Amino acid sequence: MRRPLRTHSHRAAAAVALACVLTAVSQQGARADPQTLTEVQDKLESLYHQAEVATDKYDAADVKVKAQQSRVASLNSRVRTAEGKLTRLNSYAGAAARAQYRGGGMPAELQFALAGDPEQVLNNGVLALQAQQKTQNLVTDLKTTKSVLRRRTDEAAAELKRLRASRRTMATQRTTIERHITEAKALESSLAAKERARLADLEKQRSEQAQAEWERTGILKKIGTEATPAGKKAIAFASRQIGKPYVWGAEGPDSYDCSGLTSQAWLAAGVTIPRTSEMQWAQLKHIPIVDMRPGDLIIYFSDASHVAIYVGRGNIISAPRPGRYVYESPAASMRILGVVRPDA
């Protein structure tokens with residue numbers, strides 16, 4: 001399950017806590033307690049994580065709306081086709097009935113007696129009846145088909161309305177997301193330059209420590225070093241995006257969020273994968289970490305809210321978070337949930 005976004009009261013409490021941390025940092029100046037800076041970093045990570053979770057939810061809702069729009073459009077097209085066929089068949093049936101009426105002034109017995117070829121008269125009559133019956137059967141079938149299609153279209157339209165409402169809810173949360181990001185940026189900017197540098201050092205130290213612990217397990221000697229041809233194309237695409245900014249909900253070409261980058265990288269390799277990190281984790285084939293190879297996707301955190309592409313040598317390329325850029329970093333710098341393979 002995803003972590004729910006904080007309620008207003010929780011956000012207020014978080015703001016108070018952040019204010020206390022900032023006061024402590026300000027009072028201590030450049031000699032701020034590293035533990036206090038660690039708390040600041042934890043708050044920042046929490047805010048950015050909430051933003052990423054909400055981004056993933058919005059992206060998933062948007063994917064569903066677009067798919068349902070296509071389904072409704074397809075059903076509407078089929079209804080119009082059925083209506084067109086029904087109009088033509090009704091026209092044919094009416095023409096046949098009028099022709100039969102015009103020829104009905106002479107009794108069938110007399111037509112048979114006067115005909116030069118009575119057998120032909122019988123054959124024509126049978127064929128006319130068969131054609132009329134087939135036309136009527138087609139009209140009946142088309143009416144039934146049209147009714148079924150119309151019902152399915154109405155149901156699909158109702159579902160589309162529900163999905164759009166869900167997407168509007170997610171879009172409304174953009175304000176909340178942007179508030180989270182604004183809080184994080186305000187927190188960063190309120191720190192003195194030396195404090196921000198120490199904060200960056202702490203983040204780097206954590207990343208390096210986590211990576212070192214991961215590598216001490218001997219994992220790099222076990223995992224693959226060769227990507228598939230498609231994997232190489234995906235990695236090449238991701239590499240070309242290095243330096244482009246993270247923008248939530250973006251999937252290129254000028255900016256990306258985490259799953260926007262991985263989905264577009266694999267699309268460039270000719271493989272279509274789900275749009276969001278949660279869907280990538282749910283739908284792509286899971287691979288044991290020891291069997292990982294370059295090109296595979298590493299999913300992070302228990303709620304699968306972040307994803308990166310493994311490029312080999314223990315590194316990943318990812319779009320990390322707002323305020324950052326696509327870059328190459330240690331694969332174990334975040335909590336690994338698992339690995340998936342787009343071209344399995």
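Keep in mind that this is a model prediction, so the values were computed, not measured. One is the number of the first residue; the rest follow in order along the sequence.
Connection of Val290 to Ile336 is established within a shared hydrophobic cluster, with ILVMFWY side chains joined at heavy-atom distances below 4.5 Å, either directly or through further cluster members. Hydrophobic clustering of Ile, Leu, Val, Met, Phe, Trp and Tyr side chains at less than 4.5 Å, counting indirect connections, unites Ile309 with Trp281. Both Val326 and Ile235 are part of a single hydrophobic cluster, where members link through side-chain heavy atoms under 4.5 Å apart. There is a path of hydrophobic side-chain contacts, each under 4.5 Å, that joins Val307 to Phe237. Cluster annotation: Leu284 and Val271 are assigned to the same hydrophobic cluster (Ile/Leu/Val/Met/Phe/Trp/Tyr, side-chain heavy-atom contacts under 4.5 Å, transitive).
Pro294 and Ala227 get closest at one heavy-atom pair: O-CB, 3.3 Å. Of all heavy-atom pairs between Ser305 and Cys258, the closest is O-SG, 4.0 Å. Of all heavy-atom pairs spanning Arg275 and Gly249, the tightest one is NH2-O, 3.3 Å. When every heavy atom of Ala269 is checked against every heavy atom of Ala230, the shortest pair comes out as CB-O, 3.2 Å. Summarising the geometry of Val339 relative to Met292, their closest heavy-atom pair is CG2-SD, 3.7 Å, with the distance given to 0.1 Å. Nearest heavy atoms, Ala332 versus Ala210: O-CB, 3.2 Å.
Residues Met334 and Ser329 are not in side-chain contact: their nearest non-hydrogen atoms beyond the backbone lie 4.5 Å or more apart. With a 4.5 Å cut-off on side-chain heavy atoms, Thr228 and Arg293 count as touching.
Considering CZ of Arg206 and CG of Asp201, their distance stands at 13.0 Å, rounded to 0.5 Å. Atoms OG1 and CH2, from Thr272 and Trp266 in turn, are 11.5 Å apart once rounded to the nearest 0.5 Å. The CZ atom of Arg198 lies 8.0 Å from the CD atom of Glu195; values are rounded to the nearest 0.5 Å. Between the CG atom of Leu297 and the OG atom of Ser318 there is a distance of 11.5 Å, given to the nearest 0.5 Å. Between atom CG of residue Leu261 and atom CD of residue Glu251 there is a gap of 11.0 Å, rounded to the nearest 0.5 Å. A distance of 9.5 Å separates CE in Met279 from OG in Ser259, rounded to the nearest 0.5 Å.
Sequence neighbours left out, the pairs with a member in residues 230-245 that pass side chain to side chain donor-acceptor pair (under 3.5 Å) are Gln241-Lys244, Gln241-Tyr256.
Remark: side-chain polar atoms of Ser255 are not paired, donor with acceptor, to backbone N or O of Pro245 under 3.5 angstrom. In this structure a side-chain-to-backbone donor-acceptor pair under 3.5 Å is missing from His306 to Ile298.
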Item to complete: Please report the C-alpha distance between Val340 and Ile273 in whole Å, then the side-chain angles of each, then the deciding distance to 0.1 Å, and finally whether the side chain to side chain contact (heavy atoms under 4.5 Å, CB included) criterion is met.
Response: CA-CA 11 Å; Val340 294; Ile273 64 174; over 6 Å; no
Worksheet item: Does the pair Ile316 and Tyr300 meet the rule for a side chain to side chain contact (heavy atoms under 4.5 Å, CB included), with working shown?
Response: CA-CA 12 Å; Ile316 55 171; Tyr300 293 93; 3.4 Å; yes
Practice prompt. Applying side chain to side chain contact (heavy atoms under 4.5 Å, CB included), run through Glu328 and Arg313 and close with a yes or a no.
Written response: CA-CA 11 Å; Glu328 185 170 333; Arg313 307 176 307 283; 2.9 Å; yes
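Using a 4.0 Å cut-off between charged side-chain N and carboxylate O, Lys285 and Asp296 make no salt bridge.
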Check residues 212-220 and write down every donor-acceptor pair under 3.5 Å in which the side-chain atom is one partner and the other belongs to a residue at least two apart or another chain.
from   : atom 1 : to     : atom 2 : distance (Å)
Glu215 : OE2    : Gln211 : NE2    : 3.0
Thr217 : OG1    : Trp214 : O      : 2.5
Thr217 : OG1    : Ile219 : N      : 3.4

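Residues satisfying the ring-ring contact (aromatic ring centres under 6.0 Å, His included) criterion with Tyr310, sequence neighbours excluded, are absent altogether.
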